[in-house]
Amino acid sequence: MLITGGAGGIGRAIARVALDSGARVSLWDRAEDGLQSAAAELAAGERVLVRRVDVSDEASITAALDADVAAFGRIDAFVNNAGILGEVLPVWETNPADFRRVIEVNLVGAYLCLRAALGVMRTQPSRPLRGHIVTVASIQGKEGMPLASAYSASKAGLIGLTKTAGKEAGPLGIMVNCITPAAAETAMAKQISDERRADILQRIPIGRFVDVEEIARMVAFLCSDDCSFSTGAIFDLSGGRATY
């Protein structure tokens with residue numbers, strides 16, 4: 001399993017669940033220190049590889065993917081998890097450069113990774129499937145969120161990308177799906193103010209943020225052969241916030 005944003009809280013949780021099921025994982029991230037910390041925390045030795053990757057750089061993605069294919073022989077699961085928050089401002093106060101940066105990382109980066117992963121998986125023999133790709137979108141991609149125009153737009157784009165790629169890749173035996181979690185207790189959540197946190201929390205009927213382990217368990221199912229008839233689908237993890 002390859003996991004972008006692997007040094008963060010969600011990436012580590014996904015890796016931990018995958019390792020518990022016997023998988024080998026490769027963590028991709030721009031943060032070298034975070035990668036080393038994640039590898040030490042997971043303590044799985046040769047079953048964990050780390051790669052410093054910029055998901056907005058096609059050459060960086062290609063080099064890392066080639067290295068992982070060489071190490072693992074094939075890629076059974078790819079998790080598109082890398083993302084950044086961007087400015088917390090009304091649209092009219094945002095900086096266009098920041099908007100472009102969020103789209104470049106969250107949406108274009110995921111597209112580049114998806115494209116590269118599909119290129120490899122299409123050539124693999126089925127056993128019984130050729131592979132699984134899961135993208136971490138957000139509830140904000142479904143319904144928007146005040147003061148988060150770039151983030152919401154990027155996550156909405158991921159939903160559309162998943163629906164299209166899932167229809168294209170499903171007939172090839174590659175399941176492409178995405179999840180739309182509510183806010184999780186991660187480093188990204190620490191970037192928001194107490195007022196912003198309270199606003200987000202009151203939107204969630206269950207009354208709490210999602211645990212990273214809950215996200216990881218859903219991703220584990222979507223990356224398993226038990227997920228054999230769902231592709232181009234959007235799986236909710238919003239604590240009741242989403243009604244569709």
Side-chain angles (χ1 to χ4, degrees), residues 3-16 29-31 33-34 37-38 41 54-56 79-111 134-162 178-219 234-244:
I3 307 167
T4 72
I10 292 175
R12 294 188 192 201
I14 293 170
R16 190 176 302 110
D29 208 290
R30 291 187 301 177
D33 290 347
S37 170
E41 177 187 312
D54 179 352
V55 296
S56 65
V79 182
N80 250 329
N81 170 60
I84 57 177
L85 183 60
E87 297 174 315
V88 182
L89 292 169
V91 174
W92 56 88
E93 293 182 12
T94 56
N95 185 329
D98 183 84
F99 191 97
R100 290 189 179 97
R101 184 174 68 94
V102 173
I103 297 296
E104 189 69 21
V105 173
N106 294 5
L107 180 55
V108 177
Y111 152 73
V134 178
T135 295
V136 179
S138 169
I139 180 60
Q140 294 186 28
K142 284 186 173 183
E143 61 178 38
M145 180 75 184
L147 310 182
S149 56
Y151 188 82
S152 295
S154 70
K155 296 300 185 175
L158 291 178
I159 291 172
L161 179 63
T162 296
C178 86
I179 61 172
T180 54
E185 296 289 3
T186 64
M188 187 179 290
K190 293 180 174 62
Q191 298 177 33
I192 62 177
S193 66
D194 291 343
E195 181 181 10
R196 180 72 165 171
R197 181 185 179 90
D199 180 30
I200 293 172
L201 195 59
Q202 63 86 24
R203 297 168 186 268
I204 304 172
I206 286 182
R208 63 174 175 83
F209 282 17
V210 62
D211 290 334
V212 292
E213 288 78 13
E214 292 171 313
I215 295 174
R217 289 194 293 271
M218 181 170 280
V219 171
I234 316 303
F235 289 80
D236 180 65
L237 264 170
S238 69
R241 177 173 167 178
T243 56
Y244 67 97

Exam field: side chain Q202 to backbone D199, donor-acceptor pair closer than 3.5 Å: yes
Side-chain (S152) to main-chain (A148) donor-acceptor, under 3.5 angstrom: yes
Sidechain-backbone polar pair: D29 side chain, A31 backbone, donor-acceptor under 3.5 Å: yes
Exercise: identify the closest heavy-atom pair between A137 and P181: O-CD, 3.7 Å
Nearest heavy atoms of T94 and S149, plus distance in Å: CG2-OG, 4.1 Å
Donor-acceptor pair, side chain of Y244 and main chain of K142, under 3.5 angstrom: yes
Value rounded to 0.5 Å, distance of CD in E213 from CD1 in I10: 10.5 Å
Separation of L107 CG from I159 CD1 (nearest 0.5 Å): 11.0 Å
Close side-chain approach of T180 and K155, heavy atoms under 4.5 Å: no
Heavy-atom check, side chain of L158 versus side chain of C178, under 4.5 Å: no
Closest approach of A216 to A13 (non-hydrogen atoms, all atoms of both residues): CB-O, 3.4 Å
Minimum-distance pair of heavy atoms, taken over all atoms of V212 and A184: CG1-CB, 4.4 Å
Heavy atoms from other residues, nucleotides or ligands near CZ of F235 exceed 12 (cutoff 6.0 Å): yes
Side chains of F209 and I200 in contact at under 4.5 Å (non-hydrogen atoms): yes
R100 atom CZ: more than 12 heavy-atom contacts under 6.0 Å: no
Salt bridge (Lys or Arg N to Asp or Glu O under 4.0 Å): pairs with one or both residues in residues 79-98, sequence neighbours excluded: D98-R101
Atom of E104, atom of V108 and distance for their closest heavy-atom approach: O-CB, 3.4 Å
Value rounded to 0.5 Å, distance of CZ in R203 from CD in Q140: 8.5 Å
side-chain hydrogen bond (donor to acceptor under 3.5 Å, both in side chains) partners of S238, counting only residues at least two apart: D236
CZ/R30: more than 12 non-hydrogen atoms of other groups inside 6.0 Å: no
Non-hydrogen atoms of Y151 and L85 that approach each other most closely: CB-O, 3.6 Å
Chi angles and distances behind the side chain to side chain contact (heavy atoms under 4.5 Å, CB included) call for T4, N81: CA-CA 5 Å; T4 72; N81 170 60; 4.2 Å; yes
Minimum side-chain heavy-atom gap L161-T135 below 4.5 Å: no
